[in-house]
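Reading through the structure tokens given below for one structure.
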2 protein chains.
Amino acid sequence: MPSAPAAATTVPTRERILDAAEQLFAEASYDAVSLRMITRRAGVELALANYHFGPKLELFRAVVERRASDLNGARLAALEALPADAPLEQVIEAFSGPFLSRSLSGGPSWKAYARVIAQVANSQRWTSALMTAYFDPVAQAFLARVRESLPGACDEDIYWGFHFLIGAMTITFAETGRIDVLSGGRCASSDLAAIHARMLPFLAAGFRAICGPKNESPTRGSRA
Amino acid sequence: MPSAPAAATTVPTRERILDAAEQLFAEASYDAVSLRMITRRAGVELALANYHFGPKLELFRAVVERRASDLNGARLAALEALPADAPLEQVIEAFSGPFLSRSLSGGPSWKAYARVIAQVANSQRWTSALMTAYFDPVAQAFLARVRESLPGACDEDIYWGFHFLIGAMTITFAETGRIDVLSGGRCASSDLAAIHARMLPFLAAGFRAICGPKNESPTRGSRA
DNA sequence: GTCTATAGCTTGATAGAC
DNA sequence: GTCTATCAAGCTATAGAC
């Protein structure tokens, strides 16, 4: 541990700015949040944002990068811990589980991060610079294990399955609250454990449905 | 038809502003786009934005509302045209097909609209005011038909299935391009017909996996 | 590493002539 | 319904003292 004094509230300025930025970017969007709002919430002076991160865009990149590293490490560890003959559900859980557990017990920071990622993943504006840069290497490792769990599947089907998975995952962890209203209160976006227990079989069955060997010949993918 | 002259390029100012706003909001976000950028692209004066729509937020709402009406009508018509014993795939297609066909043949406007909707659907910021307001009534009609196709399913499972469907659909029509890079060019986000042919069986299988009658008792939803 | 002060620009909104 | 002109407020970024 560094030269930290007694008080537990001594958070380095860099982290204070990152935390405040993450929270505010999650509530709205990159453009809706000013450096003034960020530094005000962080309790530091405006000029310190530029001193520590350079231009605003680099601060946004740093917000995405910070937890991406942790998430990538946890995902790789979970993938490597899988048995050689792991079923598809377990492979998917190695990818989604680390995000779930962090959102469940990581406090408001990880929930905010999930909302930022939902914006980044669903806009072509950020896709190449942020999603591809920070998440594609681990995605490739994940897809390699999916391939092993689905022998005979063609690559295109697996890629599109992954695409649907990302769509379902990002909107889930963003906790938008839409289903809460739509269901008249019977479902809660915040009940991530219940959603995750359904997401795994939903996605696994989806993968299997489009990765079957008979998906090649017919023009339309309807299935009995 | 109103008093339109001969030239086909005579688009009313209101529509010109909506078209420009839709295009620009799709490229970035609500906050990244200024009224000056919008009116400049529309080829009209700045003051006309406020004259026709009031504050900026109302313009955004109008962008979402315009095509929502058309989409809702087409979805309801497709749902009503379904046979009484329509399988789940056809019910899902009644919901997704109208968006697909518009994105395929509606020119850049519908593609831009899809990107706006992806932002709106994936952020809690817009959920209640826009998604719920403009899309939930038809979503309820859709869910009623899904229930008929899945006898014995409990409501919670159907709501969460719909939630995953929305996540997969919105990221699909947004055409972010991530899979293009991830797949090394083997898949193209713009190839909506190919994606849609996989999305239908993927989602239908997912619904069936979580809506089985035996999903109630066990704590975890893993399935052979 | 932190602070004050400020330059240079853009923003949404509107008043008022036509 | 459209135009010009403008206001007050906000923005990012930085220079320079400490």
Side-chain angles (χ1 to χ4, degrees), chain A residues 1-5 7 9-66 116 119 125-126 129-130, chain B residues 1-5 7 9-66 116 119 125-126 129-130:
Chain A
M1 58 201 87
S3 62
T9 51
T10 309
V11 180
T13 299
R14 240 189 90 96
E15 305 295 317
R16 296 173 68 89
I17 295 174
L18 281 175
D19 290 341
E22 182 176 64
Q23 209 73 45
L24 287 164
F25 286 145
E27 290 171 18
S29 75
Y30 171 74
D31 312 280
V33 177
S34 70
L35 293 174
R36 281 177 165 80
M37 295 165 67
I38 293 171
T39 52
R40 198 179 305 136
R41 178 172 296 203
V44 304
E45 286 305 316
L46 168 63
L48 291 180
N50 200 279
Y51 173 78
H52 284 284
F53 297 97
K56 183 184 176 187
L57 195 61
E58 287 304 306
L59 171 57
F60 189 59
R61 178 188 291 272
V63 166
V64 174
E65 186 176 28
R66 175 170 61 155
V116 174
Q119 297 175 49
R125 178 187 186 192
W126 306 114
L130 296 180
Chain B
M1 55 200 89
S3 60
T9 51
T10 311
V11 180
T13 298
R14 241 189 89 97
E15 306 294 318
R16 296 172 68 90
I17 295 174
L18 281 175
D19 289 341
E22 183 175 63
Q23 209 73 45
L24 289 164
F25 287 145
E27 290 171 18
S29 75
Y30 171 74
D31 312 279
V33 177
S34 70
L35 292 174
R36 281 175 170 80
M37 295 163 68
I38 293 170
T39 51
R40 198 178 308 135
R41 178 173 296 203
V44 304
E45 287 305 315
L46 168 64
L48 291 181
N50 200 280
Y51 173 78
H52 284 284
F53 297 96
K56 184 185 176 187
L57 195 61
E58 286 305 305
L59 171 57
F60 190 59
R61 178 188 292 273
V63 166
V64 174
E65 186 176 29
R66 176 171 58 155
V116 173
Q119 297 176 49
R125 177 187 188 192
W126 306 114
L130 296 180

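Just so it is clear: chains get the letters A, B, ... in the order the sequence lines come, proteins before strands, and each one is counted from 1. Just so we're clear, the structure is a prediction, and the values are computed from it rather than from any experiment.
On the nucleic acid side, DNA chain C contacts chain B at distances under 4.0 Å to non-hydrogen atoms, with the end points of that region at C:dT11 to C:dT14.
Taking a 4.0 Å limit (strictly below) on heavy-atom distances, residues 34-45 of chain B reaches DNA chain D at B:Arg36, B:Glu45.
Relative orientation of the B:Trp126 and B:Phe60 rings is tilted, given thresholds of 30° and 60° on the angle between their planes.
Put simply, the side chain of B:Gln119 gets close to the backbone of B:Ala28: a donor and an acceptor are under 3.5 Å apart. Looking only at distances, a side-chain donor or acceptor of B:Tyr30 sits under 3.5 Å from a matching main-chain atom of B:Leu57.
Look at CG on B:Leu46: it is 15 Å from P on D:dC7, rounded to the nearest Å. Whole-Å rounding puts the A:Asn50 CG to D:dA13 P distance at 6 Å. Remark: C1' of D:dT14 and NE2 of A:His52 are 15 Å apart, rounded to the nearest angstrom.
Once rounded to the nearest 0.5 Å, the distance linking NE2 of A:His52 with CD of A:Glu58 reads 15.5 Å.
Here B:Glu27 pairs with B:Arg41 in a salt bridge; the nearest charged N to carboxylate O distance falls below 4.0 Å. Comment: A:Asp31 does not engage A:Lys56 in a salt bridge, judged by the lack of any side-chain N to carboxylate O separation of less than 4.0 angstrom.
The two atoms that bring B:Phe53 and B:Leu18 nearest to each other are CZ-CG, 3.6 Å, heavy atoms only.
Checked against side chain to side chain donor-acceptor pair (under 3.5 Å), A:Glu15 has the following partners two or more places apart in sequence or in another chain: A:Arg66.
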